[in-house]
Amino acid sequence: MTQKQATRYPLVLVPGLLGFVRLVFYSYWFGIVRALRRDGSTVIPVMVSAVNSSEVRGEQLIERIREILKETGAEKVNLFGHSQGALTIRYAAAKHPELVASVTSVAGPNHGSELADFLEKNFPPGTLRGLLLNAAIRLTVWIMALLDTGYRGTRLPTDVDAAHHSLTSDGVALFNRQYPQGLPQTWGGQGAELVNGVRYYSWSGTIQKGVSDRGGNRIDGTNVTCRIFARTFTKERGQCDGMVGRFSSHLGTVIGDNYPLDHFDIVNQTFGLVGKGVDPVGLFVEHAARLKAAGL
């Protein structure tokens, strides 16, 4: 591939809750960064607080975007956000559309997560259950920070309760009232693709019957976890990826919302153990070509 296949603006990848850049040798965006760079694009996976509110993460991202623009000489960036990363990039684009060419939500809880609602109800802050869950998450963040060889900046702040509320239906509803860009006007519909000069896109997957025995997913522990989490869903039961509902993920132009991919498969975790005939890396490569064709 040559530079002719490169996007005009850098591709900036933002992880979700408990996200990272690289744990020792394992990349959050397993195989995706390499595939995108192969086409000549500038690809930069970034780190924001692994556990915090979407607004705090968004402010951190804005600062990082400014650094990237200075480092690369680019005028704007194309933002990709997985899971809570989708809310993070939406915040940045809403606050500073002049810095952002496009926003792409990958399995983003753009209308909240029923899993987060379940946890808020059953592990409320201030209770013993809530405190134990909070402590477990903080310990996980601490261990991950030690192992993240892809990030060596100042340790970023953690706020478990703020992160949790940011992902609930009520928390995201409040967020959406302030930052509605790209949201559908009807449930299950599509939103405006172009808002304030920023293009909005989304895609997501669902756990589908009979997919648990597809290829390597037999030993994919995260797929089992997502299937357990999917039982907490009521509104979108049978129509979720284990953490985010199919229609809850919609933002801007919906490229697809029913790929046979769970919440981790969609970013090619774990170690690319996804179903036969499913290519999550290809979705990113195809979208980069889409952005290039749009002049982005």
Side-chain angles (χ1 to χ4, degrees), residues 14-20 23 28 47-61 81-88 90-91 105 107-148 155-179 187 204 206-207 221-249 262-264 269-270:
V14 183
L17 183 73
L18 291 174
F20 52 90
L23 294 183
Y28 184 95
M47 188 62 189
V48 292
S49 285
V51 178
N52 216 314
S53 71
S54 299
E55 292 85 353
V56 167
R57 287 162 53 96
E59 287 293 333
Q60 294 167 356
L61 176 59
H82 172 238
S83 195
Q84 192 186 8
L87 302 177
T88 306
R90 284 178 53 196
Y91 176 91
S105 165
N110 294 306
H111 297 273
S113 167
E114 290 189 63
L115 173 61
D117 294 342
F118 174 86
L119 292 174
E120 184 175 63
K121 179 180 179 181
N122 291 277
F123 298 84
T127 65
L128 179 58
R129 284 185 176 185
L131 291 172
L132 289 174
L133 179 61
N134 188 307
I137 292 173
R138 292 184 69 86
L139 177 60
T140 301
V141 171
W142 182 77
I143 293 173
M144 290 174 63
L146 293 178
L147 297 175
D148 195 343
R155 182 166 292 183
L156 297 166
T158 296
D159 189 329
V160 178
D161 291 336
H164 187 185
H165 186 68
S166 286
L167 296 170
T168 63
S169 298
D170 288 344
V172 177
L174 176 61
F175 180 91
N176 286 346
R177 286 196 289 273
Q178 298 177 77
Y179 314 109
W187 180 249
S204 60
T206 60
I207 295 174
T222 56
N223 183 260
V224 174
T225 300
C226 284
R227 289 181 175 279
I228 294 172
F229 286 163
R231 298 171 186 171
T232 67
F233 283 67
T234 55
K235 186 176 182 179
E236 295 199 77
R237 182 178 294 276
Q239 294 289 313
C240 72
D241 66 4
M243 294 188 179
V244 174
R246 176 181 180 181
F247 297 138
S248 180
S249 72
D262 66 40
H263 196 70
F264 298 96
Q269 295 185 21
T270 305

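For reference, positions follow the sequence shown, starting with 1.
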Between Glu114 and Thr232, does any side-chain donor sit less than 3.5 Å from a side-chain acceptor?
-> no
Hey, what do you get for CG (Leu115) to CD1 (Ile228), rounding to the nearest 0.5 Å?
-> 11.5 Å
Can you tell if the side chain of Ser53 reaches within under 4.5 Å of the side chain of Asp159, non-hydrogen atoms only?
-> no
For the ring pair Tyr28 and His82, is the centre-to-centre distance below 6.0 Å?
-> yes
Report yes if the side chains of Asp170 and Leu174 come closer than 4.5 Å at any heavy-atom pair, otherwise no.
-> no
Say you draw a straight line from CG of Leu17 to CD1 of Ile137; how long is it, rounded to the nearest 0.5 Å?
-> 7.0 Å
Non-hydrogen atoms of Ala163 and Val51 that approach each other most closely | CB-CG1, 3.6 Å
Which pairs pass salt bridge (Lys or Arg N to Asp or Glu O under 4.0 Å) with one or both residues in residues 234-248, sequence neighbours excluded?
-> Arg246-Asp257
Go through the side-chain N and O atoms of Gln178 and Tyr91 and say whether any donor and acceptor fall under 3.5 Å apart.
-> no
What's the spacing between Leu167 CG and Gln84 CD if we round to 0.5 Å?
-> 4.5 Å
From the list Ser105, Ser249, Ser248, Ser204, side chain to side chain donor-acceptor pair (under 3.5 Å) with Asn110 holds only for Ser105
Ring pair (Phe, Tyr, Trp, His ring centres under 6.0 Å) contacts in which one or both residues fall within residues 109-132, not counting sequence neighbours = His111-Trp187
Mind running side-chain contact (heavy atoms from CB on, under 4.5 Å) on Met243 and Phe264 for me, showing each step along the way?
-> CA-CA 9 Å; Met243 294 188 179; Phe264 298 96; 3.5 Å; yes
Would you name the heavy atoms of Gly16 and Ser83 that are closest together and state the gap between them?
-> CA-CB, 4.1 Å
Would you mind reporting whether Val141 and Val160 have side-chain heavy atoms less than 4.5 Å apart?
-> no
I would like to know whether His263 and Cys240 meet side-chain contact (heavy atoms from CB on, under 4.5 Å); could you show each step before the answer?
-> CA-CA 9 Å; His263 196 70; Cys240 72; over 6 Å; no
Given side chains that start at C-beta, do those of Gln239 and Phe233 come closer than 4.5 Å, heavy atoms only?
-> no
Residues Asn52 and Arg57: closest non-hydrogen pair is O-CD, 3.6 Å
Atom pair CG/CZ of Leu131 and Arg129 - distance to nearest 0.5 Å = 12.5 Å
Taking Asp262 for its side chain and Arg227 for its backbone only, find out whether a donor-acceptor pair lies under 3.5 Å.
-> no
Could you walk me through whether His164 and Leu119 pass side-chain contact (heavy atoms from CB on, under 4.5 Å), step by step?
-> CA-CA 8 Å; His164 187 185; Leu119 292 174; 3.5 Å; yes
Could you pull out the closest heavy-atom pair between Gly108 and Val244, with the gap in Å?
-> O-CG1, 3.6 Å
Go through the steps for Ser166 and Phe175 under the test side-chain contact (heavy atoms from CB on, under 4.5 Å), then give the verdict.
-> CA-CA 8 Å; Ser166 286; Phe175 180 91; over 6 Å; no
Keeping the roles fixed (side chain from Asp148, backbone from Phe20), state whether a donor-acceptor pair exists under 3.5 Å.
-> no
Side-chain donor/acceptor of Gln60 to backbone N/O of Ser49, under 3.5 Å | yes
